[in-house]
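Here the structure comes first, spelled out in structure tokens, and everything after it is commentary.
Atoms within each ligand, like the ligands themselves, are counted from 1 in listed order. We number each residue from 1, following the sequence as shown.
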Amino acid sequence: MASGQWRALAEQFQVICPPGGHPGAGRPGALRAQVSCGHWVSAAGLRGWVRALLDQGVTSFRCPCCPDTPWLWQELCKLGLFSDEDRATLEAQILAQEGARGSYRQCPRCQHLVQRLEPGTLRTPCLPCSQRAGGLFCFCWGCRTEWRDPSSHADSRCPLQATLHDAPKIQAPGSYVHGCPSLRACPRCHALLTHTTQGCPMVICPECRYWFCYRCLGPYRAHRPSCPIADPQLVCGGGDAVTPMSRGSPVVPSVTGWILGLWEGGI
Ligand SMILES: [Zn+2]
Ligand SMILES: [Zn+2]
Ligand SMILES: [Zn+2]
Ligand SMILES: [Zn+2]
Ligand SMILES: [Zn+2]
């Protein structure tokens, strides 16, 4: 769509409204709030605008007046203009879009969608969970496990990846699992487990009931005896973790600062 058409659409929805009052002030239906670009948006207008963009297959939202300023999904939700129902419907619509797969993740704790801040960064903060917990809550973009030490920038590795990589080897000569890492992640659900060193190398995941071989990580069915010992698993950081944003501008680093600033300023 040409920019003129976008502008017309934005006007039709009256997305941008004159500055006014406190966020959320006014009669119901006339709710308004200020977005990171400085513009004020109305609840009904924003809802219509987001839907219109989704109908066009666009999953990275932006201000109709500031084409270079992306609005992150979690930022829009933080405005408090969407009802729980609106949010659930819109999130389902986002997830149904092909282009959203690489740029959105569901928070493992609250299940709401978080849009990617910066490609290459695995530590992903969730604002609603941080608010609720009274402390910064982050999860790993790659494997969706909780980030154990969210305020530390010292180790940028995913916590699950670090645990798997640093696990010592099993020392049990005579056991089928001698020389295997002492921790494995279930190949299906990433739950952590270890082997008792007794009996056969097959284990069953206590979380998802998946049967697999602790040595080669192969599934129970396709298994052959005398299999090789697989290296510590790469659970994230590769594959589908980073794909280009769908149509629309990429997220600029300043947005990261804005989101983290929101937190540090006591959201
Ligand atoms: Zn704007
Ligand atoms: Zn969350
Ligand atoms: Zn991870
Ligand atoms: Zn499992
Ligand atoms: Zn095996």
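Counting non-hydrogen atoms of neighbouring residues, nucleotides and ligands closer than 6.0 angstrom, the CD atom of Gln14 reaches no more than 12 such neighbours.
Our summary of the site lists the angle at the Zn ion (ligand 4) between SG of Cys186 and SG of Cys205 as 110°, to the nearest 10 degrees. The angle that Cys143 SG and Cys158 SG make at the Zn ion (ligand 3), rounded to 10°, works out to 110°.
Distances under 2.8 Å from the Zn ion (ligand 1) pick out the protein N/O/S atoms Cys37 SG, His39 ND1, Cys63 SG, Cys66 SG.
Seen from the ring of Tyr214, Arg184 counts as a face-on cation partner, given the 6.0 Å and 45° thresholds.
Looking at Gln34 and His39, their side chains never bring a donor and an acceptor atom within 3.5 Å of each other. Side-chain atoms of Glu75 and Ser36 include a donor-acceptor pair closer than 3.5 Å.
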Where do Gln106 and His112 land on the side-chain hydrogen bond (donor to acceptor under 3.5 Å, both in side chains) test, with the steps shown first?
-> CA-CA 5 Å; Gln106 252 172 319; His112 280 305; over 6 Å; no

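Between the Zn ion (ligand 4) and His190 there is no N/O/S contact shorter than 2.8 Å.
For the pair Leu193 and Leu183, the minimum side-chain heavy-atom distance is 4.5 Å or more.
Taking the ring centroids of Trp73 and Tyr104, they lie at or beyond the 6.0 Å cut-off.
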